[in-house]
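I have placed the structure first, in the form of structure tokens, so that the comments after it can refer back to it.
Numbers here simply count residues along the sequence, with the first being 1.
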Amino acid sequence: MSEFVPFLVLAYLIGSIPTAYWYGKAVHKVDIREMGSGNSGATNSLRVLGKKAGIIVLLIDIFKGLVVVWIARFAGFSLEDQFIIGIAAVIGHLLPVFAQFKGGKGIATSFGIIVGINPYGAIICVLVFVIIVKLSKYVSLGSLLGAFSFLIFSFFAYKDSSFIQLCCFLLFAILCFTHRQNIKRLANGVENKYPPK
């Protein structure tokens, strides 16, 4: 356990890198958290700062999740421990110590974890995301259903590990919580669409 804790802290700190906030400040001289939806993530960066900003923020946030899994694997941790360390990075993204604990919603960093843990599962997530966004124009719905698809995938890919399934459920539950306002707007039919009309 004493060896495990430093990796949790490291993962949290890597996850805490506030990509959208720092990019907005450095390149556009704005606080992304005071614009658009107020979210410090790739989607709000895309809507407010443009496609280049959205892509840069997305890729870096994905890499945050991916790199902590790589570090954990290189250190010899089990797949179960890699999941836990990855979730610590997501917590860092949601509550970044470097940005007054005001972060994003965790989709990109969670996807990075999935890419590191199981690339085949990541492909399924992307396919579900693309199909849902294409049909509905709702990025939030595509993101949540993409995450849900990995939860379903886990019951087949990790049928012998209820702990990994639990980790996948926990990750999905966290994302549902961070998207609770989006879910309310989806239910009320007032969620923002992309591209906007």
If the plane angle is over 60° it's perpendicular, under 30° parallel, otherwise tilted; pick one for H28 and Y23.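 H28 vs Y23 ring planes: tilted.
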Taking the side chain as every heavy atom from C-beta outward, state whether [X] and [Y] have any pair of such atoms under 4.5 Å apart.
X    : Y    : answer
V139 : K193 : no
V128 : F150 : no
F163 : I84  : yes
N182 : L144 : no
I174 : L94  : yes
V30  : L49  : yes
L59  : F63  : no
I85  : L8   : yes

State yes or no: do [X] and [Y] share one hydrophobic cluster built from I, L, V, M, F, W and Y residues joined by side-chain heavy-atom distances below 4.5 Å, directly or via other members?
X    : Y    : result
V130 : L127 : no
F83  : F148 : no
L141 : I183 : no
L79  : F172 : no
I62  : I55  : no

Give the minimum heavy-atom separation between [X] and [Y], together with the two atoms involved.
X    : Y    : result
G142 : F129 : C-CD1, 3.4 Å
F98  : S16  : CD1-O, 3.6 Å
A122 : V115 : CB-CG2, 3.7 Å

Among residues two or more places apart or on two chains, list those pairs meeting salt bridge (charged side-chain N to carboxylate O under 4.0 Å, His left out) that have a residue in residues 162-183. none
Write out all pairs satisfying side-chain hydrogen bond (donor to acceptor under 3.5 Å, both in side chains) with one or both partners inside residues 130-159, taking only residues at least two apart or from two chains. N118-Y158, S140-E191
If you look only at pairs with a residue in residues 49-77, which of them pass as a side-chain hydrogen bond (donor to acceptor under 3.5 Å, both in side chains), with sequence neighbours excluded?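 Applying side-chain hydrogen bond (donor to acceptor under 3.5 Å, both in side chains) to every pair that reaches into residues 49-77, excluding sequence neighbours, yields T19-D61, D61-K64, K64-H93, R73-Q82.
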Test E80 against I164 for side-chain contact (heavy atoms from CB on, under 4.5 Å), laying out the working first. CA-CA 6 Å; E80 288 83 355; I164 290 180; 3.8 Å; yes
Quickly, which of S45, S37, P18 forms a side-chain contact (heavy atoms from CB on, under 4.5 Å) with I32? Name it, please.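 The side-chain contact (heavy atoms from CB on, under 4.5 Å) with I32 is passed solely by S45 among S45, S37, P18.
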Just by modelled atom types, is the Y21 backbone N or O under 3.5 Å from a matching donor or acceptor in the D31 side chain?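 Here the side-chain-to-backbone pair does not exist.
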